[in-house]
Amino acid sequence: MTLLYSEIEQELRSSVRDLLADRCPPAAVLKRVESDPHDLDLWKTLAGEIGVAGLLVPEELGGAGATASEAAVVLEELGRAVAPVPFFTSSVLATRALLPTRDALLGELAEGRRTAALVVSFTASPYAPYAPSRGASVTVDGDRLSGTVTGVAGADVADVLLVPVDGDLYAVEGASVRVAPSLDLTRPIATVTFDRTRARRVGTCDLAAVLRFGAGLLASEQLGVAEWCLDTTLAYVKERHQFARPIGSFQAIKHRLADLWLDVVRARAAARNAASDPSSISVAVAQSWNAGVALHAAEEALQLHGGIGMTWEHPVHLYLKRAKATEIALGTPGDHREALASLVDVPGPE
C-alpha cells in the first residue's frame, strides 16, 4: 500500500480543480446558497465530461472501474470548493449500496443521466444504523413502503431513492421529499415520507458496510475542507498588516499555523489510508481524526481572518458549517473512537 498519489490521480485532481476554479469559485457558491444551492449544470459537466459519476462502477456496468482512491481525490477537491453537487450522496453512498445488486440503474448513475440518494439519516452511524434516534422508520407491505426518514442528504435532487429496509434495498420514485433546515447550506437535508409508495426490490443491502465505506471516503472531503482553510489563512496572514508588519510574522500565529499544518498532514495520511484500505480500523482512525481537524481548521481560519471572517460575504463560514455538519455525519468522532477501541482491544473504563 502507498499513501502517495498516482499520476492518474494527479491528472484527475487537476481536471476537477481547474473546472471548479472556473465554475465554482467561493463567490458563486455564496450566491447560490441564498437561492438554490445545487449546481446541477456543474454536476452534468463533472459527470459527463470528466466522468466522476461512474468512478466506482465497474466497466462492464458502464462505469470507469476506478478505485476508492480516485473517488477520494475527487472528494478532496469538492471539499476544497464546498461544491454543491451530489457526488458524495449519489456516486459514493447510493452507488456503493447498489453495487452488489448489479442493477441496470448503475449504468444510468455512472453516465450522470440520473442521480440517486440513500434514504438513511446522514447522522446514521455505521455501528448502529438502525438506532431509533437516527430518524429511520420504514415498513414494507409487498411492494409498498410506508414511513418517514429524516435528515436524508441528497434526496431533494435525486431522481431515484434507494431505501434499505431489513437487509433489502428498494428503489423508489415519487416519494414525498421536504427540505428541512440545515446548518450546511451547501448540502441540504430532507425529510422523506412514504405513504404506501410503490417500490421495486433491487437486492440485498449491508447498510453498516455502506455507511462504513462512506465514512472512510468522507474523511477525504474533510481533508479538502481543512486544506482550503489552511491555505487561505496562510495567504491572508501574509497580506494583513498590523504594527507595520504582516500578522503572519508574529510568533503566536506562526505556532498556531504550524500546529494546524501538522494536523492536516496527519489527516491526509489517515484519509489516504482509509481510501486504500477501507477496513473497519482504517475508517475508524480516519474519522476519529479528520472530523476534528476539519472543524479546528475552519475555526482557526475564522479567528485568524478577524472581522472579515465573521461576515457573510467571506466564504469561511461555508467551510465551518460543512465541517461542523460532517463532524456528526456517518458517526461522530466519539462513535468511531469507541469502535476503534473495541477493534484493537483497548479496555474501557470499569
Side-chain angles (χ1 to χ4, degrees), residues 16-17 20-21 24-34 36-39 42-43 46 71-93 117 121-124 151-157 179-190 214-233 260 263-264 267-268 270-271 286-287 289-305 309-333:
V16 174
R17 181 175 294 189
L20 294 176
C24 191
V29 179
L30 278 169
K31 185 178 180 179
R32 294 197 69 90
V33 297
E34 296 182 8
D36 180 11
H38 294 289
D39 191 341
L42 173 62
W43 172 241
L46 282 165
V73 168
V74 173
L75 281 167
E76 286 181 36
E77 295 307 312
L78 296 179
R80 287 181 69 99
V82 286
V85 295
F87 177 78
F88 184 74
T89 53
S90 180
S91 303
V92 175
L93 282 179
S121 172
F122 205 43
T123 62
V152 180
D156 52 324
V157 291
V179 176
S182 172
L183 175 65
D184 184 358
L185 302 176
T186 62
R187 180 180 280 149
I189 59 173
L217 284 183
L218 186 62
S220 292
E221 181 184 285
Q222 292 162 332
L223 169 62
V225 169
E227 287 179 333
W228 183 91
C229 292
L230 175 60
D231 293 346
T232 302
T233 306
L260 184 57
D263 287 348
V264 172
R268 184 177 301 112
Q287 273 303 317
W289 180 253
N290 286 31
V293 169
L295 182 58
H296 176 56
E299 290 172 342
E300 289 287 80
L302 183 68
Q303 291 182 16
L304 293 177
H305 273 82
M310 300 289 180
T311 64
W312 183 266
E313 289 74 17
H314 198 283
V316 70
H317 68 89
L318 297 177
Y319 291 83
L320 178 60
K321 293 168 183 174
R322 172 65 67 89
K324 190 62 180 176
T326 58
E327 185 188 31
I328 61 173
L330 304 183
T332 66

**Request:** For residues Y319 and L295, determine if any side-chain heavy atom of one lies less than 4.5 Å from a side-chain heavy atom of the other.
**Result:** no
**Request:** Flag the pair D39 / V29 as yes when at least one side-chain heavy-atom distance between them is below 4.5 Å, and no otherwise.
**Result:** no
**Complete:** All heavy atoms of A72 vs all of S220, minimum pair found to be CB-OG, 3.2 Å
**Prompt:** Do R322 and T186 have side-chain atoms, one donor and one acceptor, less than 3.5 Å apart?
**Reply:** yes
**Message:** Using every non-hydrogen atom in the two residues, find where I189 and P181 come nearest and quote the distance to one decimal.
**Reply:** CD1-O, 4.0 Å
**Item:** E227 CD to T232 OG1 distance, which is reported to the nearest 0.5 Å
**Value:** 11.0 Å
**Prompt:** Is any NZ, NE, NH1 or NH2 atom of the basic residue among E76 and R268 found under 4.0 Å from an Asp or Glu carboxylate oxygen of the other?
**Reply:** no
**Prompt:** Got T326 and N290 here, is their nearest side-chain heavy-atom distance under 4.5 Å?
**Reply:** no
**Message:** Please determine whether side-chain contact (heavy atoms from CB on, under 4.5 Å) holds for the pair V264 and L223, giving the CA-CA distance in whole Å, both sets of side-chain angles, and the decisive distance to 0.1 Å.
**Reply:** CA-CA 7 Å; V264 172; L223 169 62; 4.1 Å; yes
**Complete:** Interatomic distance, CG@L218 vs CZ@F88, rounded to 0.5 Å, equals 4.5 Å
**Asked** Looking only at heavy atoms, which two atoms of A297 and C229 are closest? And how far apart?
**Response** O-CB, 3.6 Å
**Item:** Flag side-chain contact, heavy atom, 4.5 Å: P37 against L185
**Value:** no
**Request:** Indicate whether the side chain of E327 and that of Q222 have a donor and an acceptor atom separated by less than 3.5 Å.
**Result:** no
**Request:** Run the salt-bridge test on D184 and K321 with the 4.0 Å N-O cut-off and return the result as yes or no.
**Result:** no
**Prompt:** Considering residues at least two apart in sequence or located in another chain, which fulfil the ring-ring contact (aromatic ring centres under 6.0 Å, His included) criterion with H296?
**Reply:** none
**Fill in**
All heavy atoms of G214 vs all of L93, minimum pair found to be CA-CD2, 3.8 Å
**Complete:** Closest heavy-atom pair, C24 versus P84, reported as atoms and distance to 0.1 Å, is SG-CD, 3.9 Å
**Message:** Quick one, E313 and L30 - any side-chain contact, counting heavy atoms below 4.5 Å?
**Reply:** no
**Request:** Could you please spell out the steps behind the salt bridge (charged side-chain N to carboxylate O under 4.0 Å, His left out) verdict for R187 and E221?
**Result:** CA-CA 13 Å; R187 180 180 280 149; E221 181 184 285; 2.6 Å; yes
**For the student: nearest non-hydrogen atoms of A267 and V293, plus distance** = CB-CG1, 4.2 Å
**Prompt:** Taking the side chain as C-beta and beyond, is there a heavy-atom pair between H38 and P188 under 4.5 Å?
**Reply:** yes
**Request:** Could you check W43 against S91 for side-chain contact (heavy atoms from CB on, under 4.5 Å), going step by step and ending with a plain yes or no?
**Result:** CA-CA 11 Å; W43 172 241; S91 303; 3.3 Å; yes
**Fill in**
The side chain to side chain contact (heavy atoms under 4.5 Å, CB included) partners of L302 (sequence neighbours excluded) come to M310, V316, L320
**Asked** Do the non-hydrogen side-chain atoms of V225 and R80 ever get within less than 4.5 Å of each other?
**Response** no
**Message:** I need the W228 CH2 to L318 CG distance, nearest 0.5 Å.
**Reply:** 8.0 Å
**Asked** Is F87 close to V92 at the side-chain level, that is, under 4.5 Å between some pair of heavy atoms?
**Response** yes
**Fill in**
From the list L230, L260, T233, D263, side chain to side chain contact (heavy atoms under 4.5 Å, CB included) with E300 holds only for L260
**Message:** Looking at A215, is its backbone amide N or carbonyl O close enough to the side chain of Q287 to form a donor-acceptor pair, meaning the two atoms are under 3.5 Å apart?
**Reply:** yes
